[in-house]
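As the structure is a prediction and not an experimental result, all values here were calculated from the model.
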Amino acid sequence: MAAKLKMGDRVQWNSEAAQVSCAITKVFVRDFGYKGHTHRATVGDPHDEIRSDKRARVAAHKGVALRGVE
């Protein structure tokens with residue numbers, strides 16, 4: 001995706017089971033700990049925290065794994 005994603009953006013993510021609609025709740029541009037794992041994020045390779053619409057589950061993913069939705 002050419003445009004940078006930001007907090008509040010609506011996105012979709014392909015999980016193992018189905019395509020998930022969600023919103024970005026945080027954007028990480030530095031290394032961070034999340035649910036017992038260290039994620040390596042940079043300004044050029046940000047990671048996003050997302051909250052799913054259907055079940056309100058929260059996860060962190062690389063920005064390239066998310067697709068913006070209008």
Undergrad: Check side chain to side chain contact (heavy atoms under 4.5 Å, CB included) between Arg57 and all other residues, then give those that pass, not counting sequence neighbours.
TA: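 Ser52, Arg55.
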Undergrad: Side chain to side chain contact (heavy atoms under 4.5 Å, CB included) with Ser15: which residues, sequence neighbours excluded?
TA: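 Partners of Ser15 by the side chain to side chain contact (heavy atoms under 4.5 Å, CB included) criterion, ordered by chain and then number, come out as Trp13, Ala17, Val20.
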Undergrad: The criterion is side chain to side chain donor-acceptor pair (under 3.5 Å); which residues satisfy it with Lys6, sequence neighbours excluded?
TA: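 So Lys6 forms a side chain to side chain donor-acceptor pair (under 3.5 Å) with Asp9.
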Undergrad: So, using side chain to side chain contact (heavy atoms under 4.5 Å, CB included) as the criterion, who are the partners of Asp53 when residues are at least two apart?
TA: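 For Asp53, the residues satisfying side chain to side chain contact (heavy atoms under 4.5 Å, CB included) (neighbours in sequence not counted) are Arg10, Ser21.
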Undergrad: Does any pair with a residue in residues 28-45 pass salt bridge (Lys or Arg N to Asp or Glu O under 4.0 Å), and if so which ones, sequence neighbours excluded?
TA: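 Every salt bridge (Lys or Arg N to Asp or Glu O under 4.0 Å) pair that includes a residue of residues 28-45, provided the two are not neighbours, is Asp31-Arg40, Asp45-Lys62.
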Undergrad: Testing Val27, Ile50, Val64, Leu66 for side-chain contact (heavy atoms from CB on, under 4.5 Å) with Leu5, which one passes?
TA: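 So, applying the side-chain contact (heavy atoms from CB on, under 4.5 Å) to Leu5 and each of Val27, Ile50, Val64, Leu66, only Leu66 qualifies.
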Undergrad: Apply side chain to side chain contact (heavy atoms under 4.5 Å, CB included) to Val58 and Glu49, showing your working.
TA: CA-CA 7 Å; Val58 177; Glu49 179 184 80; 3.5 Å; yes
Undergrad: Donor-acceptor pair, distance only, cut-off 3.5 Å: does the side chain of Thr42 make one with the backbone of Val29?
TA: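 Answer holds: no.
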Undergrad: Phe32: what forms a ring-ring contact (aromatic ring centres under 6.0 Å, His included) with it, not counting sequence neighbours?
TA: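 Residues passing ring-ring contact (aromatic ring centres under 6.0 Å, His included) with Phe32: Phe28, His39, His47.
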Undergrad: Please examine the side chains of Arg51 and Lys26, heavy atoms only from C-beta on, and report whether any two atoms are closer than 4.5 Å.
TA: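 They are not in side-chain contact.
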